[in-house]
Engineer: 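I'd like to ask some things about the structure below.
Every number for a ligand or one of its atoms is a count from 1 in the order of the listing. Basis for what follows: all heavy atoms, side chains included, without hydrogens, waters or symmetry-related copies. Nothing fancy with the numbering, it's 1 onward along the sequence.
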Amino acid sequence: MQNKSIKQYLEYLHLSGIQDVFIKPKPKINKSELLKTLEEKYNNCSACALHKGRNKFCYGNGNADAKLLIIGEAPGADEDRKGEVFVGRSGQLLTKMLQAINLSRDEVYITNIVKCRPPENRNPNPDEKRSCLPYLEEQISIIQPELILMLGKVAAETLLGVQQTLTVFRQKTHIYKGLKTFVSYHPSALLRNPNWKKFAWIDLQNLQKEYRKN
Ligand code: URA
């Protein structure tokens, strides 16, 4: 019911002699509990072929009430072993990148496009991405972040639905599911090409400005 019609309805009740109205508060969901329950439910997922080679399903980690959601590509070997996202070398760099803009990993929520490790760390294929996307969409609808950071071309192309170079993706902010979305380098690309870190730093500063605005 719209605010105006609620007001009219209350006025009508008042004129009819009803003085007190008790409104049942909407139950506040515990996002963290909900994500934990869902993670347990999905742990044995076999929706695509990736489940055959996985050790652990890597759902996502971090703050369920995060303002910023970070989306990578797929778990690597360390993540597959631990069942946690971004815990290997690229995860360590991601932690440092966040620290550089005064964010800790406890403040943000981090996940990937696909939740199981592709063999030899190859890019996830369209079928794998399609099967896994509902998990990410559900995570977004639960967390309701204000901002998204997509790491790398695979994440950006998959979610924004256009094929572009990373340089073009980085040039502007995008809207994904109504949310302001930044695209920057995947940390593993920065490990391979440290000279790109200066460009990543520009992206991080833009993100920080927006993060502090809200
Ligand atoms: N690379 C990713 O995209 N995600 C991880 O979790 C680890 C490495």
Engineer: Determine whether the side chain, the backbone, both or neither of Glu73 has a heavy atom under 4.0 Å from any heavy atom of ligand 1.
Structural biologist: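 The part of Glu73 near ligand 1 is both the backbone and the side chain.
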
Engineer: For atom 8 (C) of ligand 1, what is the nearest protein heavy atom, given as residue, atom name and distance?
Structural biologist: Ser90 OG, 3.5 Å

Engineer: Taking 4.0 angstrom as the limit, do Lys56 and Asp80 come out as a salt bridge?
Structural biologist: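 Salt bridge between Lys56 and Asp80, a charged N being under 4.0 Å from a carboxylate O: no.
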
Engineer: Out of all atoms in ligand 1, which are within 4.0 Å of some heavy atom of His186? Include the element for each.
Structural biologist: 1 (N), 2 (C), 3 (O)

Engineer: For atom 5 (C) of ligand 1, which of the options Gly72, Gly91, Gly152, Ala74 provides the nearest non-hydrogen atom?
Structural biologist: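 That would be Ala74.
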
Engineer: Taking the basic N atoms (NZ, or NE/NH1/NH2) and the acidic carboxylate oxygens, is any pair closer than 4.0 Å for Glu146 and Lys213?
Structural biologist: no

Engineer: For atom 4 (N) of ligand 1, what is the closest protein heavy atom, and at what distance to 0.1 Å?
Structural biologist: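 For atom 4 (N) of ligand 1, the nearest protein heavy atom comes out as Asn112 OD1, 2.8 Å.
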
Engineer: Can you find a heavy atom in the side chain of Leu69 that is under 4.5 Å from one in the side chain of Val108?
Structural biologist: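 No, their side chains stay 4.5 Å or more apart.
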
Engineer: Does the side chain of Phe86 come within less than 4.5 Å of Gln92's, by heavy atoms?
Structural biologist: no

Engineer: Go through ligand 1 atom by atom and flag the ones less than 4.0 Å from a non-hydrogen atom of Val85.
Structural biologist: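 Once the distances to Val85 are compared, the set is 6 (O).
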
Engineer: Does a side-chain N-to-carboxylate-O contact under 4.0 Å join Lys180 and Glu210?
Structural biologist: yes

